[in-house]
Amino acid sequence: MSSLFTPLQLGAIILPNRILMAPLTRARAGREGVPNDLMARYYAQRAGAGLIISEATGISREGLGWPDAPGLWNRDQVDGWKKVAAAVHKEGGRIVAQLWHMGRVVHSDLGGGQPVSASATTAPDFAHTYEGKKPYEQARALTQADIDRILDDYATAARNAIEAGFDGVQIHGANGYLVDQFLRDSANFRDDDYGGSIANRLRFVRRVLEAVGGAIGMDRVGIRFSPNILVQGVEDSEPVALYTELARLLEELQVPWIELREPYKPTSSGSIPTAPVSPAMRPHYSGKIVINSDHDWADARVRIQAGTADAVSIGRLFIANPDLVTRIALDAPLNTGDQKSFYFGGAEGYVDYPFLTERVAA
Ligand SMILES: Cc1cc2nc3c(=O)[nH]c(=O)nc-3n(C[C@H](O)[C@H](O)[C@H](O)COP(=O)(O)O)c2cc1C
C-alpha cells in the first residue's frame, strides 16, 4: 500500500490518510461571514480528505478583507460553523479552522477601519471590496497594545473554533498576510522588539502560537507558511536563515504540524519561486511537515518515502473532485475545475462536481 494511505498523527488529530484538503477561500458566507448549509454540504462532500483545512476565516472584522469570506468572532459565525463541523464529522471526516488576519491587505470599505500591519506600508496591487477592486490603502503600524489585542482575538477565535466542533486550528502564517508581514523583511521595518533581527521578527508568530496554544492546547494547533515565494509584496532577503530559525522556534514550542506552500513552478499569480526552503527546516523540526502546491501523487509519495515530508495537501483538485482521495487510490480520472466559480457564486461550481460513482453510472 502506498505511503499516502498510511495513517498519520498530527498532535491530537489522527488522519486515516496523508492527503489533506488545502485551505481554499470560496466566498460563500455572505456579508456577515456566517457559514451556511451550502458550505456544510460542500465540506461534507470532501470528508474523505485525511484532514480538511477550512478556507481562511477572519479572527476579527479588522482582519477580514475578503468579500463573503467567513469569520469566527461572533455567535452567529460559531453557530454556522457548528453545522459545517457536524456535517464533516457525520461523514467520518476531520476539519481544522484556518485562522486569518489579513493585516495591510484589508480595505477599509470592509468595515474594519484603516488597515493595520507590522509597519506603515502599502501593499502593491488592489484590494477586493464589494464594489470591485480598489487600490490598497496605507496601513497603520500596530502599537504594542494593538498587538496584545490581536493576540486576544486569535485566542478567542481558537476557542470559538473548538466550541464550533472543529478538531483544531491552523494559523495562517503564509501568503503575505499579517503573520507574514511581521516575519519577512520586505514588510517589517519596526525598530522595537518585533522588528529588525530575525529573532525579533519571529516574536509576533511566537506570541500568536503561545496565545492559541494556551487557549486550546498546542496539540490542536498547526501553522502554514509560504517560504519560497513573493506574495502580495511580502518576501525575505534571507529565507533560509529566517525559516531555519523559525523551525527551531516551532520545535521549542512543540507545534505538532506545519504546512508549507512551496511551489516549484511559477504560481498562477506569476510569482517565480526560489528553491524550496523545507530541506533546511527539516533537521531542526521534528513535527510533521505537509507540503503543498502543484504536487502530483507520484512526487508526494517520493517525498514521504524519503522522509522530507509527511503528507501532501491539495488545493484546486479538491475543488473539482470531492472524492479526490478515492480517485487517487483507484487511479481514476479527475474532473476539471471551473475557475470562474472559484471565488464567487452559489451552488454552481461548488457542490455540483460529480463523484466517481455518478460518473460511472452516467
Ligand atoms: C480558489 C483558491 C482559494 C485559496 N484560498 C486560500 C486560503 O483561504 N488560504 C490559504 O492559505 N491558501 C489559499 N489558497 C492557496 C491554496 O491553499 C494552495 O496553496 C494553492 O492552490 C496551491 O495548491 P494546489 O496546486 O494543490 O492547488 C487558495 C487557492 C485557490 C486556488
Side-chain angles (χ1 to χ4, degrees), residues 23-35 54-78 80 97-157 160 171-184 186-190 192 194-195 204-205 207-208 211 226 230-235 269 342-345:
L24 293 160
T25 292
R26 303 301 311 276
R28 262 79 172 176
R31 283 198 179 215
E32 297 307 317
V34 176
S54 83
E55 65 205 280
T57 298
I59 60 164
S60 60
R61 172 60 70 199
E62 172 193 84
L64 183 56
W66 195 282
D68 296 321
L72 245 177
W73 68 83
N74 68 33
R75 175 60 27 206
D76 287 349
Q77 293 161 348
V78 173
Q98 191 186 48
L99 302 184
W100 203 21
H101 191 305
M102 295 170 64
R104 68 182 188 174
V105 294
V106 182
H107 197 279
S108 60
D109 276 13
L110 276 282
Q114 184 186 359
V116 297
S117 188
S119 299
T121 58
T122 307
D125 301 327
F126 296 92
H128 297 267
T129 79
Y130 286 101
E131 290 155 18
K133 290 188 173 183
K134 295 191 177 177
Y136 282 119
E137 302 158 303
Q138 179 166 331
R140 175 175 70 78
L142 289 164
T143 64
Q144 298 218 2
D146 289 324
I147 290 174
D148 291 344
R149 173 179 53 76
I150 289 175
L151 295 172
D152 285 345
D153 290 342
Y154 271 106
T156 302
N160 287 345
I171 294 160
H172 198 336
N175 298 354
Y177 298 113
L178 186 63
V179 170
D180 215 10
Q181 292 161 27
F182 270 90
L183 272 180
R184 302 206 267 178
S186 72
N188 184 340
F189 303 101
R190 297 179 73 97
D192 64 359
Y194 288 92
F204 183 71
V205 69
R207 293 200 64 204
V208 171
S226 50
L230 165 69
V231 209
Q232 311 200 92
V234 177
E235 63 181 339
S269 57
F342 273 12
Y343 295 103
F344 308 98

Working to the nearest 0.5 angstrom, can you tell me the gap between [X] [atom1] and [Y] [atom2]?
| X | Y | atom1 | atom2 | answer |
| --- | --- | --- | --- | --- |
| H101 | L151 | NE2 | CG | 10.5 Å |
| D125 | Y136 | CG | OH | 7.0 Å |
| T122 | R104 | OG1 | CZ | 7.5 Å |
| D109 | H128 | CG | NE2 | 13.5 Å |
| F344 | R26 | CZ | CZ | 11.5 Å |

Under 3.5 Å, side chain of [X] to main-chain N/O of [Y], donor-acceptor pair present?
| X | Y | answer |
| --- | --- | --- |
| E137 | S108 | yes |
| Q232 | N175 | yes |
| T57 | P70 | no |
| S186 | G233 | yes |

- Message: Test side-chain hydrogen bond (donor to acceptor under 3.5 Å, both in side chains) on D192 and Q144; report intermediate values, then the result.
- Response: CA-CA 9 Å; D192 64 359; Q144 298 218 2; 3.2 Å; yes
Please find the pair of heavy atoms, one from [X] and one from [Y], that lie closest to each other, and give the distance.
| X | Y | answer |
| --- | --- | --- |
| S119 | R190 | OG-N, 3.5 Å |
| P115 | G103 | CB-O, 3.8 Å |
| I147 | F182 | CD1-CZ, 4.0 Å |
| T25 | Y343 | O-CD2, 3.6 Å |
| Q181 | V116 | OE1-O, 4.1 Å |
| A127 | H107 | CB-CB, 3.7 Å |

- Item | Heavy-atom side-chain proximity of R184 to V231 below 4.5 angstrom | yes
- With the side chain counted from C-beta on, respond yes when V179 and F204 share a heavy-atom pair under 4.5 Å apart, and no when they do not. yes
- Parallel, tilted or perpendicular: which describes the rings of H172 and W100, with under 30° parallel and over 60° perpendicular? parallel
- Task: Quick one: do L110 and Y130 satisfy side chain to side chain contact (heavy atoms under 4.5 Å, CB included)? Show the steps, please.
- Result: CA-CA 8 Å; L110 276 282; Y130 286 101; 3.7 Å; yes
- Residues E32, N74; criterion side chain to side chain contact (heavy atoms under 4.5 Å, CB included); working and verdict: CA-CA 10 Å; E32 297 307 317; N74 68 33; 5.6 Å; no
- Message: With a 4.0 Å cut-off on N to O distance, would you call D152 and R149 a salt bridge?
- Response: no
- Query: Will you find, in the side chains of D146 and T143, an N or O donor that is under 3.5 Å from an N or O acceptor?
  - Reply: yes
- Message: So if I apply the side-chain contact (heavy atoms from CB on, under 4.5 Å) rule between S60 and each of T156, L72, D153, V106, which one comes out positive?
- Response: D153
- Query: Do V208 and L178 pass the side chain to side chain contact (heavy atoms under 4.5 Å, CB included) test, and can you show the C-alpha distance, the side-chain angles, and the key distance before you say yes or no?
  - Reply: CA-CA 11 Å; V208 171; L178 186 63; over 6 Å; no
- Crowding at CD, Q114 (>12 non-hydrogen neighbours, <6.0 Å): yes
- NZ (K134) with more than 12 external heavy atoms under 6.0 Å: yes
- Given side chain to side chain contact (heavy atoms under 4.5 Å, CB included), test N188 with L183 step by step and report yes or no. CA-CA 7 Å; N188 184 340; L183 272 180; over 6 Å; no
